[in-house]
Number of protein chains: 2
Amino acid sequence: MVARSANVSRVAVSRAFNPHTSLKPEKRALILKVAEELNYTPDRAARALVSGRSHLVGVIVPDVCSPWESQEIDALTTALQNEGFATLLFKTRTDLSMDATLLTYMKGFNPDAVIAFVENVKPTILAGVLDRAVPIYVHYPRETEAGFDRPDADGPLYDRLNVLQYAGIEQAVALMQGYGAKRLAYLTGVYRSGASTAREDTLRKVMADRGLGEPIMVVGDFTYDTAYAATVDLFRVGDGADAVFAANDVGAFGVIDALRHELKLRVPEDVKVVGFDDIEQSHWKSYNLTTVKIDLDERVRALVRLILRRLSKPSAGALEETVQTRLVVRGTVG
Amino acid sequence: MVARSANVSRVAVSRAFNPHTSLKPEKRALILKVAEELNYTPDRAARALVSGRSHLVGVIVPDVCSPWESQEIDALTTALQNEGFATLLFKTRTDLSMDATLLTYMKGFNPDAVIAFVENVKPTILAGVLDRAVPIYVHYPRETEAGFDRPDADGPLYDRLNVLQYAGIEQAVALMQGYGAKRLAYLTGVYRSGASTAREDTLRKVMADRGLGEPIMVVGDFTYDTAYAATVDLFRVGDGADAVFAANDVGAFGVIDALRHELKLRVPEDVKVVGFDDIEQSHWKSYNLTTVKIDLDERVRALVRLILRRLSKPSAGALEETVQTRLVVRGTVG
DNA sequence: ACGGATAATGAAAACGTGTTCATTGTTTAA
DNA sequence: TTAAACAATGAACACGTTTTCATTATCCGT
């Protein structure tokens, strides 16, 4: 610690950097000035050792490239940075197998909180491995127009963000039906992923309520290429559809391109398409996608709020935040 | 440290986790087994404190959402993870002002190396603030078909990755000219960014050599919306062009959409378009973009190589790696 | 001017590791 | 069998902070 060579004791330096402590103002100013000159910054590793706070937030994703995830990481990083935290990024293996190896690996870095944007890791698993870090969970509850379920029964509770999808899906189906859609297909995301199955459940409920029967199931995995191929199959091998609801926007792009460039069908005249997420690319003129928007800033602010509240009150009961969805109308329905 | 309650001294535990040390195999096995049961992992913060290695690599980007950057971060994170490092992500402010604040902030986390994917921060600045971390620089040297310049004269040298663009640009121009392009426009990236100006310089050289005169300059900033608007301007206010070379793929998408949906021109029949990067989205059927590819895996491997070599030999001379570019032909030229 | 409260200060301990050094136990070479 | 080389081991220290705790300086009300 060079700063004290210039003036006085080390605790004074420590106090100079911690606002709430008591230190004579002029002394603090002097220390900060000298620190500035010497290009000194308190070492977070040492600080973490004694305080038990690393100011690191672990983020686990299967694929940073996916536009939705990259946009979420972007917003999250900005928000965390503003609160004095940093994003520690980890990637799961491509097969989505959330092996304990990655978690133990991550644990070594001692993050204060962990957010897993990966469908097959439950907070129970996270909590089991990371003893100190707080797991934050993104949850898609089953819901109706009346409200949503809180699955408090199945095991211990963890802090979670509830994403309410009923409103957006209801609006989307209404719009498609309004433009004459009768045979509605659902393009799924990754097999058994929470987001995809929740959307499917809600869609089934909404369709049944509106007398539209069951959706035609098309299995995808959130990627463009799979969506493209699955759509071609749906019309070449299967019986087609007059509207497709995709579990995410990138999938919707694959659907649109397959319809237009492979099957020579028109969107929205022949087939209507709706996506989910409202990513940056959705307003690009080639797609101009009508989609169910999850407000990213709102979602990320809620996540950060969860983390901060949990860290300031470690013993509080399970925390909860809720965000809504709504339809953004563009040009792929009518 | 709970592990030693189960058996013996703490140094034994330390050695059990460091393979190169000498410890009786059976003892090591026992310790690892007990550690496993107790869910114990060595604390990296404490380790960093004494060893001076945090195993953190700071990555600074202006915008994680940008497909090219998110793909680079993705590949980099995977590669670093395989080498026992973790990615620490930071975002510059939206105005790209690389204020010292962010650097000091980052310095507190003590990264072992820093890669700044942001055009206006030179390694000199990085090195000035981060005393311990190693700056890695992505450089786009001026080059001709004969080779490329090494600007060794201007100040001290830092480890760098040279991206050679001549080959790809030469192939792109040749292809466009082969299909009859005579009036070639260049859509720039962000003002004075290294990548964009290097591409412009090389393009000018190649065009001059082929008797194509000077490129028509169109100023962009690597984003879709700006590219779209600038292209409309070029044709409505300016005199148009019969080919556009964009500084990046996302910009090329904006050009294509403006041409097709706003100006009612055909690509490639009326106007040819070439991009730069070859991002995931470039093969999407709506664009099917012919573009100059930078091999991402190769590029990232080179970056990781630079970091590892530098950390294992801190006093070695400036390190250098080089990657090539090449044209990927799809459907936007002819 | 006095007693008591409060602010300011530094010494020492603690956080969980890696490293050096000296000691002990074990193998190898003659 | 003996000396020498080597493997295995633990005690003590160091890394750069924050946090008690005890001490001293300063302020306030009367």
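Protein chains get the first letters and strands the later ones, always in sequence-line order, with residue 1 at the start of each. Keep in mind the model is a prediction, meaning the values are calculated, not measured.
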Student: Roughly, in whole Å, what's the span from CZ in A/R10 to C1' in C/dA13?
Tutor: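 To the nearest whole Å, that distance equals 10 Å.
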Student: Both B/H20 and B/A46 contact DNA chain C. Which one's nearest nucleotide lies toward the 5' end?
Tutor: B/A46
Student: Which residue pairs satisfy the salt bridge (Lys or Arg N to Asp or Glu O under 4.0 Å) criterion with at least one member in residues 73-90 of chain A, sequence neighbours excluded?
Tutor: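 Of all non-adjacent pairs touching residues 73-90 of chain A, those that pass salt bridge (Lys or Arg N to Asp or Glu O under 4.0 Å) are A/D74-B/K91.
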Student: Round to a whole Å and report the spacing from CD1 of A/I31 to C1' of D/dG16.
Tutor: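 In whole Å, D/dG16 C1' and A/I31 CD1 are 16 Å from each other.
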Student: Starting at atom CZ of A/R47, determine the distance to atom P of C/dT17, rounded to an integer number of angstrom.
Tutor: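 Going from CZ in A/R47 over to P in C/dT17 covers 21 Å.
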Student: Angle between the two end axes of the helix from C/dA1-D/dT30 to C/dA30-D/dT1, five base pairs per end, rounded to 10 degrees?
Tutor: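 Inter-axis angle at the termini of the helix from C/dA1-D/dT30 to C/dA30-D/dT1: 20°.
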Student: If the condition is salt bridge (charged side-chain N to carboxylate O under 4.0 Å, His left out), which residues does B/R28 pass it with, not counting sequence neighbours?
Tutor: none
Student: Would you name the heavy atoms of B/L161 and B/T322 that are closest together and state the gap between them?
Tutor: CD1-N, 4.2 Å
Student: Run the salt bridge (charged side-chain N to carboxylate O under 4.0 Å, His left out) test against A/R301 and tell me which residues pass, sequence neighbours left out.
Tutor: none
Student: Return the value, rounded to whole Å, for the distance between atom CG of A/N18 and atom P of D/dT19.
Tutor: 7 Å
Student: Using whole Å, what does the distance between atom C1' of nucleotide D/dA14 and atom CG of A/L49 come to?
Tutor: 12 Å
Student: Who pairs with B/R310 by salt bridge (charged side-chain N to carboxylate O under 4.0 Å, His left out), at least two apart in sequence or on another chain?
Tutor: B/D159
Student: Can you find a side chain N or O atom of B/S14 that sits less than 4.0 Å from OP1 or OP2 on C/dG18?
Tutor: yes
Student: Could you state the atom-to-atom distance from CG of B/L38 to C1' of C/dG16 in whole Å?
Tutor: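 Rounded to the whole Å, the gap is 16 Å.
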Student: How close or far is atom P of C/dG16 from atom CG of A/D131, stated in whole angstroms?
Tutor: 11 Å
Student: What's the CG-P distance between B/D43 and C/dG16, to the nearest Å?
Tutor: 8 Å
Student: By side-chain hydrogen bond (donor to acceptor under 3.5 Å, both in side chains), which residues pair with B/S54, not counting sequence neighbours?
Tutor: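 Counting only residues at least two positions away or on another chain, B/S54 forms a side-chain hydrogen bond (donor to acceptor under 3.5 Å, both in side chains) with B/D112.
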Student: Holding to salt bridge (charged side-chain N to carboxylate O under 4.0 Å, His left out), I want the full list of residues that pass it with A/K33, two or more places apart in sequence or in another chain.
Tutor: A/E37
Student: So which pairs with a foot in residues 41-63 of chain B pass salt bridge (Lys or Arg N to Asp or Glu O under 4.0 Å), sequence neighbours left out?
Tutor: none
Student: Can you give me the N/O atom pairs linking the protein to nucleotides 5-9 of chain C at distances under 3.5 Å, or say none if there are none?
Tutor:
| from | atom 1 | to | atom 2 | distance (Å) |
| --- | --- | --- | --- | --- |
| C/dT9 | OP1 | A/K27 | NZ | 3.4 |
| C/dT9 | OP2 | A/K24 | N | 3.0 |

Student: For a side-chain contact (heavy atoms from CB on, under 4.5 Å) with B/F85, tell me which candidate from B/L76, B/L311, B/L56 qualifies.
Tutor: B/L311
